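Following: one structure in structure tokens, then a few remarks.
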There are 2 protein chains.
Amino acid sequence: MNLDARISVLERSSFFNDANRDTLVHAAETASECPVAKDEQLFRQGEEASHSYLLAWGRVRLDQTTSDGRNVVIRYLGPGDLIGTVAVLRRKPYPATPVAVEDGMTLFWGAEKKAQLIAEHPVLATNAIELTGSRLEELQERLREVATQRVERRIAATLLRQVRHAGRRVEDGVEIPFTLTRGEIAELTATTLHTVSRTLAAWEQEGILSGKRASHLVITKPHRLVEIAEQE
Amino acid sequence: MNLDARISVLERSSFFNDANRDTLVHAAETASECPVAKDEQLFRQGEEASHSYLLAWGRVRLDQTTSDGRNVVIRYLGPGDLIGTVAVLRRKPYPATPVAVEDGMTLFWGAEKKAQLIAEHPVLATNAIELTGSRLEELQERLREVATQRVERRIAATLLRQVRHAGRRVEDGVEIPFTLTRGEIAELTATTLHTVSRTLAAWEQEGILSGKRASHLVITKPHRLVEIAEQE
DNA sequence: CGTTTTATTGACACGTGTCAAGGGTGGTGG
DNA sequence: CCACCACCCTTGACACGTGTCAATAAAACG
């Protein structure tokens, strides 16, 4: 990528909202590039945080693994999202493992460089807080869901969240533009792939959504999903 | 409180870590005071964020309420903790309701004043990120717990977390220095007070902990609790 | 075209929520 | 100071959602 390409990547990230040209140029100049292939990990949970990444394009799943090998998907990340940045700023180990679910490209900075960038450009600090805050709020919401709601509602809410973050209009509804296996939905929803399978099968019957296997999910009746997510 | 008293309150908050004297004085001078009585709310979930609070002393429970009236306890806050600050910086509604579980005292700032403070003292921005980041990490941990672990393990983990945050050594173990009803533990653990009651009853039998009713919980065998929290 | 991964579906068991009833404790007001 | 009243906790019985186990089928991949 040349400098202009990098800058336009940065401009699309909310982390650089309201940043002036100097900031963008400086950040773009000091970044390195790293492609990620599908199923590749950017780093592993527990490692010392050495780099902060910005996803230029592609799609990444953030995994958290239990000591006994079970897995929870914290969230999916798309173009413009930061990865590992909070850990870098806190000088703590990475709390989760990012895995690419499709080929992609990242820009990255060393830990010190990133900290320096933020120190020299206060607007970035503000944006970092905004960003962390919104993730915090989303996690609070999910915690509440898992704590109080039945599986069916949670699956509906989870799919709707993916739509909000990354949904794309297609002719017969809204599409989630990346592959989501039943197993992955299960790990996002705190249930098993069996229950997800049963639930989605029922919804497909009802014509709420469609899309088997590796094809992308298409929600044909989002309003029905909203109803399910909000039902008493 | 006079200025010195305020400053020493601020000094005990990790939000003012590494802050120089000027910063502390400036923050102390611009703060107002507000006592909170037991069971009083500082503000309510959903309101526009107008003030940022710092808990000088006392203990506050952060509640998140579902539309259907169910409740989840996000976390407990103690002296030095910030309340509502992330919402203020994000110019978003408060995502939860803080309720005092004992009489306490807060310092607070208006939204603009707080934003200005942080803008003028970059070290505070860094600390805000640190703080938000650590809460984020804690929530990720809890989400994983609720998603993958049995109730007994979750209760053990929850109690240990309280001990870590606020535990106090006493003669026969560690004490959680505020009242925790079974119902509150249930809302912290994503279960019902019935299950909590049964579990704690069993633990009391085993001599792991003691403390009925309004008295504070005393963990007599923390190592056993750790075992339970980590058991396969 | 075989091999591997992912999904489907059924049977079953078990943890835990739900419902119900009673017992303590602490606080309040007469 | 005592009695009453909330509120909280305890305990049992039971049902139900969902996880677990197992076997098959269907795609995807090389």
Side-chain angles (χ1 to χ4, degrees), chain A residues 37-39 61 66 68-73 99 101-103 145-156 158-159 178-206 209-217 228 231-232, chain B residues 37-39 61 66 68-73 99 101-103 145-156 158-159 178-206 209-217 228 231-232:
Chain A
K38 184 170 196 273
D39 293 327
R61 162 166 49 85
T66 336
D68 59 319
R70 296 196 52 169
N71 208 37
V72 177
V73 177
V99 184
V101 295
E102 58 187 50
D103 292 349
E145 279 175 18
V146 174
T148 63
Q149 293 166 10
R150 300 269 166 79
V151 170
E152 190 182 39
R153 269 183 86 169
R154 301 207 303 265
I155 298 178
T158 301
L159 292 185
F178 51 96
T179 307
L180 259 185
T181 68
R182 317 285 153 146
E184 285 171 331
I185 297 176
E187 290 182 341
L188 258 174
T189 321
T191 178
T192 61
L193 79 164
H194 307 275
T195 305
V196 172
S197 181
R198 287 186 247 263
T199 307
L200 292 198
W203 288 349
E204 235 167 321
Q205 283 275 329
E206 225 195 294
L209 50 75
S210 66
K212 314 215 128 232
R213 297 245 150 213
S215 69
H216 302 165
L217 274 179
I228 295 171
Q231 84 199 171
E232 188 63 14
Chain B
K38 185 173 196 271
D39 293 328
R61 163 166 48 85
T66 336
D68 60 319
R70 297 195 52 168
N71 208 38
V72 176
V73 178
V99 184
V101 296
E102 59 187 49
D103 292 349
E145 279 175 17
V146 174
T148 63
Q149 292 167 10
R150 299 268 166 80
V151 169
E152 190 182 41
R153 270 184 84 169
R154 301 208 301 265
I155 298 177
T158 300
L159 293 184
F178 51 96
T179 306
L180 258 186
T181 69
R182 317 285 153 147
E184 286 170 330
I185 297 176
E187 291 183 339
L188 259 174
T189 319
T191 179
T192 61
L193 79 165
H194 306 275
T195 306
V196 172
S197 180
R198 288 185 247 262
T199 308
L200 292 198
W203 287 349
E204 235 165 321
Q205 283 276 329
E206 225 195 294
L209 50 76
S210 65
K212 314 213 127 228
R213 301 244 146 217
S215 69
H216 303 164
L217 275 178
I228 294 172
Q231 85 199 170
E232 187 62 15

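The sequence lines fix the lettering, A, B, ..., with proteins before strands; numbering per chain opens at 1. In what follows, every heavy atom counts, from backbone to side chain, and hydrogens, waters and symmetry copies are set aside. Because the structure is predicted, anything quoted here is derived from the model rather than measured.
To the nearest 0.5 Å, atom CZ of residue B/Arg198 and atom CG of residue B/Leu193 are 9.5 Å apart. To the nearest 0.5 angstrom, B/Ile228 atom CD1 is 11.0 Å from B/Arg153 atom CZ. Taken from OG1 in B/Thr195 to CD in B/Glu152, the straight-line distance is 11.5 Å, to the nearest 0.5 Å. We find the CG-CG distance between B/Leu159 and B/Leu188 to be 9.0 Å, quoted to the nearest 0.5 Å. Rounded to the nearest 0.5 Å, atoms CZ (A/Arg182) and OG1 (A/Thr191) are 13.5 Å apart. Interatomic distance, CG of B/Leu180 versus CG of B/Leu217, reported as 6.0 Å (0.5 Å rounding).
Remark: A/Arg154 engages no residue in a side-chain hydrogen bond (donor to acceptor under 3.5 Å, both in side chains) (not counting sequence neighbours).
Atom-to-atom, NE2 of A/His216 to P of D/dA28 comes out at 12 Å; the value is rounded to the nearest Å. One interatomic measurement links the two molecules: NZ of A/Lys38 to C1' of D/dG30, which rounds to 14 Å at whole-angstrom precision. Computed from coordinates, the A/Gln205 CD to C/dT9 P distance equals 8 Å when rounded to whole Å. Per the geometry, CZ belonging to B/Arg182 stands 14 Å off C1' belonging to C/dG23, to the nearest Å. Protein atom CD1 of B/Ile155 is 15 Å distant from nucleotide atom P of C/dG15, rounded to whole Å. What separates CD of A/Glu184 from P of C/dA7 is a distance of 8 Å, to the nearest Å. Distance CG (B/Leu200) to P (D/dC8): 16 Å, rounded to an integer number of Å. Rounded to whole Å, atom P of D/dT11 lies 10 Å from atom CD of B/Glu204.
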Set out, line by line, the N/O atom pairs under 3.5 Å between protein and nucleotides 18-23 of chain D.
from, atom 1, to, atom 2, distance (Å)
D/dT18, OP1, A/Val151, N, 3.0
D/dG19, OP1, A/Thr191, OG1, 3.1
D/dG19, OP2, A/Thr191, OG1, 2.8
D/dG19, OP2, A/Thr192, OG1, 3.3
D/dG19, OP2, A/Thr195, OG1, 2.6
D/dT20, O4, A/Arg198, NH2, 3.1

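In this structure a side-chain-to-backbone donor-acceptor pair under 3.5 Å is present from A/Asp103 to A/Lys38.
The minimum heavy-atom distance linking B/Ala147 with A/Val72 is given by the pair CB-CG2, 4.1 Å.
Contact annotation: B/Ser197 does not reach the phosphate of D/dC9 (side-chain N/O to OP1 or OP2, under 4.0 Å).
Rounded to 10°, the helix from C/dC1-D/dG30 to C/dG30-D/dC1 has 50° between the axis fitted to its first five pairs and the one fitted to its last five.
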